[in-house]
Amino acid sequence: MGDISSGMSSSIMQLYLRPVLDAFFHTEATVRHFALRGIVLTLSQGLIHPVQCVPYLIAMGTDPDPTMRNKADQQLVDIDKKYTGFIHMKAVAGMKMAYQVQQAIAGPEATVLRGFREDHTHSALCSRLFSMVRTNRTHRRAFLLSLLNQFDDSAKTEVNLLLFIADNLAYFPYQSQEEPLFIMHHVDITLSVSGSNLLQSFKESLHKNPALKKKKRINSPQIKKPCYDADGRDNTRSNTNAGGDGGDDDDGDEEDAAPRETPQPPESDSESDSDLEDVDAVMERLPDNPGPLVEFSSASQGVLLLLVLKQHLKTLYGFSDSKIQKYSPADPAKVYEKAVNRKSNVHFNPRQTVDFLEAGLVSSDLSGQVKRNIVRQFLDFKLLMEQLDRDEEDEEVNTGARNQAISALLGSPTSRKPHQPNLMETEDQDTADERPFKGRPKTAGSAAGSRAEVLDVVALCCPGNRERPQIARVLKRTSGGYTVHWMSGSYGGPWAESRLRDGGRLVPREGAVQEADVIYRRIALTSGRKLKSRVAQTLRALYAAKDGKE
């Protein structure tokens, strides 16, 4: 137009800026190329504020064309030199736009989008972005936390986007030990919060235990009959006469006995919780509407991705469990400035999430086998949460069980395919191999069928002994049982060897017990000589079941 003084070019570019930026998400590479060229020319002339272009340039940095990648990355470097903090400010938005660019490139028929480039090193698509952000410790931590927050159950992030983010987190070019340790530390925090919420929502969707309903119907007339008589109403199935002096006296006697029934609710609760340890029991309580199952399977993918991510980083950089547990973000920066050593041929493979996306579980009808697989995943997931939810004093002895729970969870996919026979499981495998210590509290601390060894701590339920719990240490094995040294303590307090006064001295309190009296083998007390929370909970359920049968 020949008008170079009135700012007409700036007005035109600001007017058409949004359509030009939206052209970055076009399926044709030529369109993306000219859109990027227009933005580069506009930025070089200073016609627009650069901050609004930053997320789009981050997205273009993931383009398959190396020319466009380099051009977009160079613009980001120039912006970062002139305006410190702009890249960090738009980093998360840029990664989400990068996912949209990959969607446009892959087309609508693609079901799984990955966040890494398949070259000889498997580099992250957004590796250049992380290299610019990581130089500032505060910006780097804020960026990583923002990405991990996408896995929170309240964020409701789509599964494929979570997979894209997890791929980038797995293949970012970390330089110091602090970077992957920071991620693994916050993965544990996210797991404990989101995992508990996920389990609770699934439990609330289940039907009540039919066995408990039947038990309540059997017990209810004995407890509620005095109330009906006292009101003088004939609401029971056979009561024809109400009131009278004699009836009042009986009511008074039964009301005096009523407080003895108060322990029943805790017993029902513990039985209900123990009922969620078996696949068939949970299958019977599944709701008719498959919605909660699909929602659980979809929401659990974020947790599974975090588990696989942590295991990948742990293996790739050779971190031990003790080092991960000792790490704290509050530690001085110099403590973990040591450079990382990467192992070769270690790849991030979230197989369960990929299978979930390829199966299209959200839009398909759930078969019986798929439901069983989801229930197995729920039980493995529940076991893992129990291992993560420990007291600090249990941390040292809980590492092995936690790793075993993670392996069990990551080894049971949510969907099974005909071309994956090695992933199929039978009823016998589920009950005998997959969870050898779930649904079997009697052998929770040892292999099925094994006997307790000398010096093992065991829980007992001896006839005629109303002490709860009954804990003892094995002194000697006999043909039909054991000679034990009894211990004294409580569910929540410390335990010590019990002694009796014999004349003027104290002697160990020993006794003989039968093999059938042992209900829990090989109890590992904490450093404070207390029962672990899970062991105490299991023992309460066992004793409640024993007392109920008696």
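Keep in mind that this is a model prediction, so the values were computed, not measured.
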Identify all side-chain donor-acceptor contacts of residues 72-84 below 3.5 Å with residues at least two apart in sequence or on another chain.
| unit_1 | atom_1 | unit_2 | atom_2 | d |
| --- | --- | --- | --- | --- |
| Gln74 | NE2 | Asp78 | OD1 | 3.1 |

Counterpart residues, side-chain hydrogen bond (donor to acceptor under 3.5 Å, both in side chains), relative to [X] (two or more places apart):
{"X": "Asp63", "result": "Arg32"}
{"X": "Arg117", "result": "none"}
{"X": "Glu118", "result": "none"}

For [X] and [Y], indicate whether the former's side chain and the latter's backbone hold a donor-acceptor pair under 3.5 Å.
{"X": "Ser300", "Y": "Phe296", "answer": "yes"}
{"X": "Asp167", "Y": "Arg114", "answer": "no"}
{"X": "Asn168", "Y": "Phe164", "answer": "yes"}
{"X": "Thr157", "Y": "Gln150", "answer": "yes"}
{"X": "Thr315", "Y": "His312", "answer": "no"}
{"X": "Arg342", "Y": "Leu316", "answer": "no"}
{"X": "Asp152", "Y": "Asn149", "answer": "no"}

Point-to-point distance, once rounded to the nearest 0.5 Å, from [atom1] of [X] to [atom2] of [Y]:
{"X": "Leu36", "Y": "Leu57", "atom1": "CG", "atom2": "CG", "result": "7.0 Å"}
{"X": "Ile87", "Y": "Leu129", "atom1": "CD1", "atom2": "CG", "result": "7.5 Å"}
{"X": "Gln175", "Y": "Ser131", "atom1": "CD", "atom2": "OG", "result": "7.5 Å"}
{"X": "Lys314", "Y": "Ser320", "atom1": "NZ", "atom2": "OG", "result": "8.0 Å"}
{"X": "Phe151", "Y": "Leu306", "atom1": "CZ", "atom2": "CG", "result": "5.0 Å"}
{"X": "Leu145", "Y": "His186", "atom1": "CG", "atom2": "NE2", "result": "4.5 Å"}

Identify the two heavy atoms, one from [X] and one from [Y], that lie closest to each other, and give their separation to 0.1 Å.
{"X": "Val112", "Y": "Val354", "result": "CG2-O, 4.2 Å"}
{"X": "Ala170", "Y": "Leu313", "result": "O-CD2, 4.2 Å"}
{"X": "Leu357", "Y": "Thr111", "result": "CB-O, 4.0 Å"}
{"X": "Glu337", "Y": "Ser176", "result": "O-CB, 4.0 Å"}
{"X": "Gln102", "Y": "Leu113", "result": "O-CD2, 3.9 Å"}
{"X": "Leu198", "Y": "Ala299", "result": "CD1-CB, 3.4 Å"}

Ion pair Lys326/Asp331, N-O distance below 4.0 Å:
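Here Lys326 does not pair with Asp331 in a salt bridge, since their nearest N and O are not under 4.0 Å apart.
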Distance-only donor-acceptor pairs under 3.5 Å for side chains of residues 91-99, two or more places apart:
| unit_1 | atom_1 | unit_2 | atom_2 | d |
| --- | --- | --- | --- | --- |
| Tyr99 | OH | Gln103 | NE2 | 3.2 |
| Tyr99 | OH | Glu158 | OE1 | 3.1 |

I need the full list of side-chain hydrogen bond (donor to acceptor under 3.5 Å, both in side chains) pairs touching residues 14-29, with sequence neighbours left out, sorted by first then second residue.
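As it turns out, the side-chain hydrogen bond (donor to acceptor under 3.5 Å, both in side chains) pairs with a partner in residues 14-29, which skip direct neighbours, are Ser10-Gln14, Arg18-Tyr56.
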Would you kindly say whether Glu204 and Gln200 are connected by a side-chain donor-acceptor distance under 3.5 Å?
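On atom types as modelled, these side chains qualify, holding a pair under 3.5 Å.
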Assess the side chains of Thr353 and Gln301: does a donor N or O sit below 3.5 Å from an acceptor N or O?
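Short answer, yes.
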Quick check: are there more than 12 heavy atoms from other residues, nucleotides or ligands sitting under 6.0 Å from CZ of Arg137?
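Above 12, so yes.
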Non-neighbouring partners of Thr135 that pass side chain to side chain contact (heavy atoms under 4.5 Å, CB included), sequence neighbours left out
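By the side chain to side chain contact (heavy atoms under 4.5 Å, CB included) rule, Thr135 matches no residue at all.
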Set of residues satisfying side chain to side chain contact (heavy atoms under 4.5 Å, CB included) with respect to His139, sequence neighbours excluded
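Result, side chain to side chain contact (heavy atoms under 4.5 Å, CB included) vs His139: His88, Val133, Asn136.
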So, using salt bridge (Lys or Arg N to Asp or Glu O under 4.0 Å) as the criterion, who are the partners of Arg141 when residues are at least two apart?
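Residues passing salt bridge (Lys or Arg N to Asp or Glu O under 4.0 Å) with Arg141: Glu178.
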Show me the pairs that pass ring pair (Phe, Tyr, Trp, His ring centres under 6.0 Å) and involve residues 33-54, at least two apart or across chains.
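Passing the test, one end in residues 33-54: His49-Phe86.
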With Phe130 via ring pair (Phe, Tyr, Trp, His ring centres under 6.0 Å) - residues at least two apart
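Counting only residues at least two positions away or on another chain, Phe130 forms a ring pair (Phe, Tyr, Trp, His ring centres under 6.0 Å) with Phe172, Tyr174.
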Among all residues two or more places apart in sequence or in another chain, which pass the ring pair (Phe, Tyr, Trp, His ring centres under 6.0 Å) test with Phe116?
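Residues passing ring pair (Phe, Tyr, Trp, His ring centres under 6.0 Å) with Phe116: His122, Tyr171.
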